[in-house]
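What follows is a short report on a single structure.
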Amino acid sequence: MMSEAKRLHPAAIIFNFIRSLREAIFLIIFGYLTFSDTYFLYFILGGVALLLVLIATSVLSWYRFTYRVEEEELRIEYGVLVRKKRYISKNRIQSIDLTSGVLHRLLKLTKVNIETAGSGTDAEASLKAVKLAEGERLRSELKKGAGQETVEAQTEEDEEVVPQDQPTFKITFKRLFIAGTTSGSIGVVFAAFAFFFSQFEQFIPDEVYDTTMNWVIGLGIALMIGLAILVLLVLWLLGIAGTMIKYGNFTIVRNKDELFITRGLLEKKQLTIPLNRIQAVGVQESLIRQPLGFATVFAEVAGGSMDKGEDFSTVLFPIMKKEEVEGFLQELMPDYADQEEPFKPLPKRALKIYLGYATWPLLFVGAAVLYFIPQFFWAVLILIAVFLFLGYLQYKDAGFRVEGKRLSIRHRTFGRMTVNIYHRRMQAFEKKQHKLQKLQRLASMKVSIISKFGAGKHYKLTQLEEEDVDSLGDWYSYRKENEVPGSSAE
């Protein structure tokens, strides 16, 4: 048992300084814009003073931070001016995640995030820089107290060592490349590029900006289209690279009552997901991947923190063939494996409502285009046809299924999503019905579960038979034992 108080690796000073500098960046920019013209010398002196303060604070924060494991607790003491103590019982610890960024990996360090059931947007405790072996020993020691075992993570060559009897899935390079090409990351990269340009456009000299714009305008339509295609190609390649860097070497292992995920090429993350914190498991098929037969498997995990760097849904596997999902879930989480029972579809009279919701905003756009630029009205007609088809897909794919104590919901916004939720994980069930639905004897339902950061996650299914929604409400509240339409015996 570790009882001697220890400090973090001195590299934590660098991480403290970078974090403080990032928090002060807007203050530095504000000072530059305010004083750079008339009081530039004062701006330089103020900047130097600020850097010295940040360096001193970073050093003192590192020196005053200690941790130790003692009496079945992780005990942390920190604080420069105000001394704080935090004691975390081993029995309260839900997961211990290791993250190694580029600098961490160069120095053979890791960051240890410790989460409890009460963790909010931040981890309960975070050790920013410890030796990799120390992080593994700390995780093993804390897990041992909770009656759990861990997957031994790394050798001296930084390779995974996984016992052969544990269910394990690892992504191949070919699948990783397919995930990048079909991820749709080009939209995210383009949005980030547009935001960056809009924020820093004011810093571009007027002469350079005007010269560049005149050059672009003078290229002619054909060359401008070619330039636009080239830019989109570059953004697409950046999206592929981003996906491959994020999910490179993705490996998921089940170790008794936990899932252990390792991923990342530059920043290596090791995530631990206790099975008892999984609230729902789903399969997502995007518009691009579904025709190719690929899907992403994800889970909604209660709690967690922003320090994990995850999205609001935790990816259990980035991409696999749809027919492989059944075997994947049977190996790792057999309770959530899909069944052969069909989904109960929506009634036929719901189709016109889906088509109306999909296209009515475009009718106003079409009227405006017809009035102001009628020569482009054909483009609006194409958009209406596309959204009519999307509305039909939303109607066709929507449905539900009840199997004993498990509810499966399938719906589509753009991509198709199938979610499996157990009754005990549901926090609320809500029925909604507006006047049009009442006339058509239709209704909508919403199921709520606990998700990341302690927030709620909601799954909706609209335009169901009213009696089906009422039966689902009875099933949720145990009001009667009648079999729900679309259900099978447990």
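Source: prediction; values computed, not measured.
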Distance col, row F298:CZ vs Q284:CD, nearest 0.5 angstrom, shows 6.0 Å

Passes side-chain contact (heavy atoms from CB on, under 4.5 Å), N249 versus T262? Steps please. CA-CA 7 Å; N249 295 325; T262 304; over 6 Å; no

Donor-acceptor pair, K321 side chain versus L292 backbone, under 3.5 Å? yes

Taking Q433 for the side chain and L442 for the main chain, is one N or O donor matched with an acceptor at less than 3.5 Å? yes

Are D97 and K269 ion-paired here, with the side-chain N under 4.0 Å from a carboxylate O? no

What's the separation between atom CD1 in I25 and atom CD in E23, rounded to the nearest 0.5 Å? 11.5 Å

The criterion is salt bridge (Lys or Arg N to Asp or Glu O under 4.0 Å); which residues satisfy it with R412, sequence neighbours excluded? D397

Backbone of R410 reached by a side-chain donor or acceptor of R416 within 3.5 Å: no

Do the side chains of T462 and Y354 get nearer than 4.5 Å, heavy atoms only? yes

Over-ring placement of R424 relative to Y422, 6.0 Å and 45° cut-offs: yes

Please confirm whether K446 makes a cation-pi placement over F429, using NZ or CZ under 6.0 Å from the six-membered ring centre and within 45° of the ring normal. no

Heavy-atom nearest pair, K131 first then T110, reads O-CG2, 4.2 Å

Over all heavy atoms of both residues, which pair between I261 and V315 is shortest? Give the atoms and the distance, please. CD1-O, 3.7 Å

Answer yes or no: is there a side-chain heavy-atom contact under 4.5 Å between L316 and F169? no

Measure from the side-chain N and O atoms of R68 to the backbone N and O of E4, and report whether any donor-acceptor pair falls under 3.5 Å. no

Taking L81's backbone N and O only, do any of them form a donor-acceptor pair with R64's side chain (distance below 3.5 Å, no angle check)? no

Taking the side chain from R19 and the backbone from L21, do they hold a donor-acceptor pair closer than 3.5 Å? no

Applied to residues 75-104, the ring pair (Phe, Tyr, Trp, His ring centres under 6.0 Å) test, sequence neighbours excluded, yields F15-H104

Non-hydrogen atoms of L355 and G391 that approach each other most closely: CD2-C, 4.0 Å

Between E300 and S313, a side-chain donor and acceptor under 3.5 Å: yes

Do K431 and E466 have side chains that get closer than 4.5 Å, going by heavy atoms? yes

Just so I know, are the side chains of I319 and Y247 near enough to count as touching, which here means a heavy-atom distance under 4.5 Å? no

Any E258 side-chain heavy atom under 4.5 Å of L275 side chain: no

Residues R401 and P342: closest non-hydrogen pair is CD-O, 3.8 Å

Could you give the distance from CD1 (I55) to CD1 (I13), rounded to the nearest 0.5 Å? 10.5 Å

Checking side-chain contact (heavy atoms from CB on, under 4.5 Å) for the pair V130/L8: CA distance, chi angles, key distance, verdict? CA-CA 5 Å; V130 298; L8 303 179; 3.8 Å; yes

Tightest non-hydrogen contact, residues V112 and G135, listed as CG2-CA, 4.1 Å

Let's go through L464 and L346 carefully: what are the C-alpha distance in whole Å and the side-chain angles of both, what is the deciding distance for side-chain contact (heavy atoms from CB on, under 4.5 Å) to 0.1 Å, and is it a yes or a no? CA-CA 6 Å; L464 284 80; L346 303 184; 3.9 Å; yes

Kindly indicate whether the side chain of F294, heavy atoms from C-beta on, has any atom under 4.5 Å from the side chain of T182. no

Rounded to the nearest 0.5 Å, the CD1 atom of I96 sits from the CG atom of L142 at a distance of 4.5 Å

For the residue pair P347 and Q463, establish whether any side-chain heavy-atom pair is separated by less than 4.5 Å. no

Rounded distance [0.5 Å steps], CD1 in I14 versus NE2 in H9: 9.0 Å

Can you tell me if S95 uses its side chain to pair, donor with acceptor, with the backbone of I273 under 3.5 Å? no

Quick one, K457 with Q279, criterion side-chain contact (heavy atoms from CB on, under 4.5 Å). Give me CA distance, side-chain angles, the key distance, then yes/no. CA-CA 10 Å; K457 187 70 177 280; Q279 307 299 299; over 6 Å; no

Does a side-chain N-to-carboxylate-O contact under 4.0 Å join R137 and E141? no

Suppose we screen for salt bridge (Lys or Arg N to Asp or Glu O under 4.0 Å). Which residues come up paired with E323, at least two apart in sequence or across chains? none

Shortest non-hydrogen contact between F173 and M244, atoms and distance: CE1-CE, 3.3 Å

Under 3.5 Å, is there a donor-acceptor pair between the S444 and Q437 side chains? yes

Would you compute the distance between atom CG of L98 and atom CZ of F260 and round it to the nearest 0.5 angstrom? 6.5 Å

Give a yes or no on whether the backbone of T413 and the side-chain of Q394 come within a donor-acceptor separation of less than 3.5 Å. yes

For the side chain of S61 and the backbone of T57, is there at least one donor-acceptor N/O pair under 3.5 Å apart? yes

Evaluate the side-chain proximity of T296 to V283: yes if any heavy-atom separation is below 4.5 Å, no if none is. no

N/O donor-acceptor pair under 3.5 Å between Q290 side chain and I288 backbone: no

Listed partners of P345 passing side-chain contact (heavy atoms from CB on, under 4.5 Å), at least two apart: none

R83: salt bridge (Lys or Arg N to Asp or Glu O under 4.0 Å) partners, not counting sequence neighbours: E77

Applying salt bridge (Lys or Arg N to Asp or Glu O under 4.0 Å) to R75 and not counting sequence neighbours gives E70, E71, E73

